[in-house]
Structures are given as C-alpha cells and as structure tokens.
Number of protein chains: 2
Amino acid sequence: MSKMQKKQDIIDHAFELFYDQGFNTGVDAIMADTGISKRTLYKYFPSKEVLIAELVEHYRVNVIPLLRAEVERLSPDPKGRLIALFDVRQAKFAEGCFRGCFAVSAKLEYACRNPQIEAASEAMMADMTGLMREFCVLTGHSDPDTLTAQAMVLFNGAVVAAQASRSAAPFDTAKGILRALLSFPRPRGERVAEQSEAG
Amino acid sequence: MSKMQKKQDIIDHAFELFYDQGFNTGVDAIMADTGISKRTLYKYFPSKEVLIAELVEHYRVNVIPLLRAEVERLSPDPKGRLIALFDVRQAKFAEGCFRGCFAVSAKLEYACRNPQIEAASEAMMADMTGLMREFCVLTGHSDPDTLTAQAMVLFNGAVVAAQASRSAAPFDTAKGILRALLSFPRPRGERVAEQSEAG
DNA sequence: GGTTATGTAAACAGATCAGTTTACTTTTTT
DNA sequence: AAAAAAGTAAACTGATCTGTTTACATAACC
C-alpha cells in the first residue's frame with residue numbers, strides 16, 4: 001500500500017467514525033478501525049484537529065463533484081436538477097442514515113476555536129452554495145441570487161429537521177416549497193420582462 | 001437563598017455555559033461560575049446528564065410561554081404573529097448571539113445515547129411545533145398542518161444557516177418565503193371553498 | 001446552647017484523552 | 001545482503017473529566 005493510499009485509508013475510516021459518532025470520538029477508535037498504530041497516525045497527521053480540517057477539505061473536494069454528477073444524471077433540466085439535489089440528500093436519510101452536513105457539524109463544533117477547520121467548512125459551504133446557484137441561474141429565474149438563498153435555507157432546514165426528527169419527511173416539505181417558488185415568480189422571458197434589474 | 005432559588009441559580013449558570021460553549025464544558029466551570037462547591041452541585045443533580053436533561057426541560061417550560069407572550073405583544077393578527085416568531089429569533093442573532101436551538105443541539109449531541117435528554121428535547125420540539133401550528137391555524141390557511149411543517153423547515157433552516165454563517169440574513173430569506181406561502185394558497189373562505197378536505 | 005443540615009475546600013479515585021517515546025519488527029530500497 | 005524507511009505494540013506523560021469522600025466551617029432550628 002502506497003503512502004497516498006494509506007493516508008486515504010486513514011481519511012476514509014476517520015471520516016466515517018467522526019461522521020457517525022461525532023468529533024469527540026477518540027483517536028484510539030480511528031487507530032483500531034483503520035488497523036494502524038498511533039505512531040503511524042501521527043506520522044500522517046500532526047494532530048487530531050489538523051486531521052479533521054483535512055477531512056472537511058476531502059469532503060468538499062469529493063462530494064461536490066459527485067453530487068453534481070449524480071444530479072445531472074437524474075434530470076436533464078435545471079428545475080429538475082435543483083429538486084434532484086434535495087432528492088439525493090433525502091435518499092440518504094430514507095436509507096436510515098440520519099447524518100447532517102459534515103462541514104456544518106464541524107463549523108458548529110469548532111466555531112471560534114479552530115480557524116483552519118472553520119475555513120475548510122466555509123469553503124465547503126461556499127462550494128455547495130455555488131453548485132446550488134448554478135442550477136438556480138439555469139432555471140432562468142428572474143432573481144437567481146434570491147432563489148439560491150431560499151434554496152439554501154430550505155436545504156439546511158430539511159437536513160436539520162430530518163436529523164433531529166429522524167425522518168426524511170421534511171425533505172418532501174422543502175421540495176414542495178421549492179416547486180412553488182419555481183413556479184410563482186415567472187421565469188425570465190416568459191411573460192414579464194425584468195432582465196434589466198436581474199443581477 | 002432557599003433551596004429552589006439555589007437550584008434555579010445553578011440551572012441559570014449551567015444553561016448559559018452549555019449554550020455558549022457546548023455540552024462538553026466541564027462541571028468545574030459550572031461550579032466556578034455559580035460559586036458553589038462540587039458537593040453542592042451533586043446534591044442538587046445526581047449527574048451532569050441529568051442536569052442537562054433538566055436544562056432542556058427548563059428551556060421548554062420557560063421559553064415557549066415567553067415566546068408566545070412576546071409574539072402576541074408584537075402583532076395582533078395571526079399572520080403577523082407567525083412572522084413575529086421569526087423576528088423574535090432573528091433579533092437574537094442580530095444582537096450577535098449566534099446560538100442555535102438548545103433542544104436541537106442537545107438532541108443531536110445525545111442522539112441514541114441518553115433517552116432522557118432525547119425525550120426532553122423532543123418535548124421541546126413538539127411544543128414549538130404546537131405553538132407554530134396555533135398561529136398557522138388562526139391564519140385561516142386551508143391546510144394548516146402543511147403550513148406548520150413548512151414554517152418549521154423554514155425556521156430550522158434560518159436558525160442553522162444563521163448559526164453557521166454568523167449572519168441574521170437567512171431569517172429575511174425565510175420570512176420572504178413564509179409571506180409568499182401565506183398569500184399564494186388563498187386563506188379559507190376568501191374565494192375558494194375547500195374546507196371539506198382540509199384536515 | 002446544642003444539634004442538624006448545609007455549605008466550602010480540597011484531596012482522591014478511576015477513567016479517558018491527545019500526543020510522545022522506546023524497543024522491536026517488517027518492508028522496501030539500494 | 002546491508003541499510004534505511006516505515007511499521008507495530010505498548011508504556012508513558014500530562015492533562016482533563018466525572019463523580020466520591022474527607023475534614024472542616026457555617027447557618028438554621030429546636
């Protein structure tokens with residue numbers, strides 16, 4: 001097993017452990033789960049918090065492209081893809097996996113305590129907002145930035161409500177609202193002409 | 001200071017500490033902050049987790065009536081009161097106090113680990129949903145249960161987005177969506193008659 | 001005034017945790 | 001095959017944490 005593969009192995013196991021059991025999980029659990037000694041763990045990562053920061057970064061780099069690919073596979077049109085973003089996330093909860101956003105959890109846990117983890121979490125959240133905005137723009141909505149902000153509130157609300165209630169139902173509610181928002185203010189160039197003031 | 005007052009004193013200090021710094025704050029901090037010895041703390045509460053469960057219960061018993069009173073003071077009509085629920089919560093964030101819901105945090109922290117804390121958190125969340133539903137019903141909306149579910153997703157989404165981004169802006173987004181939801185499907189008896197199928 | 005409850009302060013037990021170091025073994029490279 | 005790198009296992013440091021106990025002080029109560 002190469003150096004990169006071993007580091008990846010640690011990242012994979014540590015990610016699952018922290019995601020499932022929270023950030024207060026001990027490094028001993030990571031060692032046991034990965035099947036390595038403490039010395040090796042600390043050879044690859046100088047500290048537990050640096051490891052967590054790299055986990056968030058790894059989450060961002062991998063999940064965003066994966067999410068985009070899956071959404072684009074599920075639906076051909078922008079509105080459908082926007083809804084599909086919720087569908088993909090909802091599917092995890094429906095499987096009985098009631099985990100929130102790894103980056104949001106990290107941000108809340110290390111807020112005002114670890115700038116590196118905070119920065120990685122903010123980067124992940126920015127990328128997620130960027131992905132959401134891409135699809136919002138493509139819908140031809142007259143105010144894509146407002147729509148993006150709305151979709152993000154709905155997405156976060158669905159995730160946290162699903163997590164707390166251990167039910168996927170809030171996603172159906174969120175998708176219902178999103179569909180209403182997509183149909184109520186007319187898309188640009190359909191009837192009303194207000195391109196001039198749309199950023 | 002009477003027994004009840006002393007217990008209340010511990011609850012007040014412990015609540016602020018856990019709310020500000022998370023549930024992993026040590027009992028030593030509570031002792032120092034309240035100005036009591038460890039023996040006294042453990043005379044009033046058999047364990048830290050029982051204390052936390054009582055904090056959530058205390059939060060429920062006090063915050064819900066307080067919230068109702070404040071909202072009813074802020075607006076005379078149901079729709080205004082529904083919006084005011086968001087306003088009251090938003091005001092805290094605008095003051096620079098970026099704390100989520102104490103009960104939701106407790107639920108996420110002790111999920112599948114402490115049934116007592118989980119139960120107290122669920123009771124709080126049920127009461128909050130009940131309060132939200134009261135105002136939703138009074139708006140005369142044709143489907144108050146759906147409206148309640150929608151308002152809860154929006155509320156949770158605004159809180160967590162505000163908490164993560166350290167900005168009160170998500171509340172404006174949430175309120176905008178809520179206003180749209182309140183005006184789009186006609187309130188019962190205004191033009192459309194669909195009371196028969198509204199649960 | 002004497003008894004009892006209630007408090008403080010501090011030591012202590014027992015566990016856990018992050019991180020280091022030592023001694024030894026395995027693998028890789030040259 | 002020799003040397004160097006990378007690994008394991010485990011002891012250890014030093015800190016932190018929940019919860020208990022001991023010794024002593026104070027306040028209330030009869």
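Residue numbering restarts at 1 for every chain, and letters A, B, ... go by the order of the sequence lines. Since we're looking at a predicted model, the values are computed, not measured. Below, all heavy atoms of this structure are taken into account, side chains as well, without hydrogens, waters or symmetry copies.
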Side chain of Arg39(B) only, please: which of dG7(D), dA18(C), dT22(D) is the nearest?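 For Arg39(B), the side-chain atoms sit closest to dT22(D).
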
Go through dT20(D), dT8(C), dG19(C) for me and flag the one nearest to the Lys38(B) side chain.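 So the nucleotide nearest the side chain must be dT20(D).
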
Taking only Lys NZ, Arg NE, NH1 and NH2, and the carboxylate oxygens of Asp or Glu, determine whether Arg89(A) and Glu70(A) approach each other closer than 4.0 Å.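 No, no charged N to carboxylate O under 4.0 Å.
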
Taking only the side-chain nitrogens and oxygens of [X], find out if one of them lies under 4.0 Å from OP1 or OP2 of [N].
X        : N       : answer
Tyr44(A) : dG7(D)  : yes
Ser37(A) : dA10(D) : no
Ser47(A) : dA18(C) : no

Give me the atom names and distance for the closest heavy-atom approach of Pro78(A) to Leu138(A).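 Of all heavy-atom pairs spanning Pro78(A) and Leu138(A), the closest is CG-O, 3.3 Å.
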
Rounding to an integer number of Å, can you tell me how far [X] [atom1] sits from [N] [atom2]?
X         : N       : atom1 : atom2 : result
Gln5(B)   : dA27(D) : CD    : C1'   : 16 Å
Leu41(B)  : dC17(D) : CG    : P     : 14 Å
Asn114(B) : dT18(D) : CG    : C1'   : 15 Å
Lys7(B)   : dG7(C)  : NZ    : C1'   : 18 Å
Met31(A)  : dA11(D) : CE    : P     : 13 Å
Lys6(B)   : dA27(D) : NZ    : C1'   : 11 Å
Glu49(A)  : dC17(C) : CD    : C1'   : 13 Å
Tyr42(B)  : dA13(C) : OH    : P     : 18 Å

State whether the distance check finds a donor on one side and an acceptor on the other, under 3.5 Å, for side chain Lys48(A) versus base dG19(C).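 Answer no: no donor N or O sits under 3.5 Å from an acceptor.
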
So for Lys43(A) and dG7(D), does any side-chain atom that can act as donor or acceptor lie under 3.5 Å from a complementary atom in the base?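 Result: no qualifying N/O pair found.
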
In terms of ring plane angle, is the pair Phe171(B) and Phe93(B) parallel, tilted or perpendicular, where the classes change at 30° and 60°?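 The rings of Phe171(B) and Phe93(B) sit tilted, inter-plane angle from 30° to 60°.
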
Side-chain heavy atoms under 4.5 angstrom apart, residues restricted to Ile, Leu, Val, Met, Phe, Trp, Tyr: same cluster for Met125(B) and Phe86(B)?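 Different clusters.
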
Donor-acceptor pair, side chain of Thr34(A) and main chain of Ile36(A), under 3.5 angstrom: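 Side chain of Thr34(A) to backbone of Ile36(A), a donor-acceptor pair under 3.5 Å: no, none is there.
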
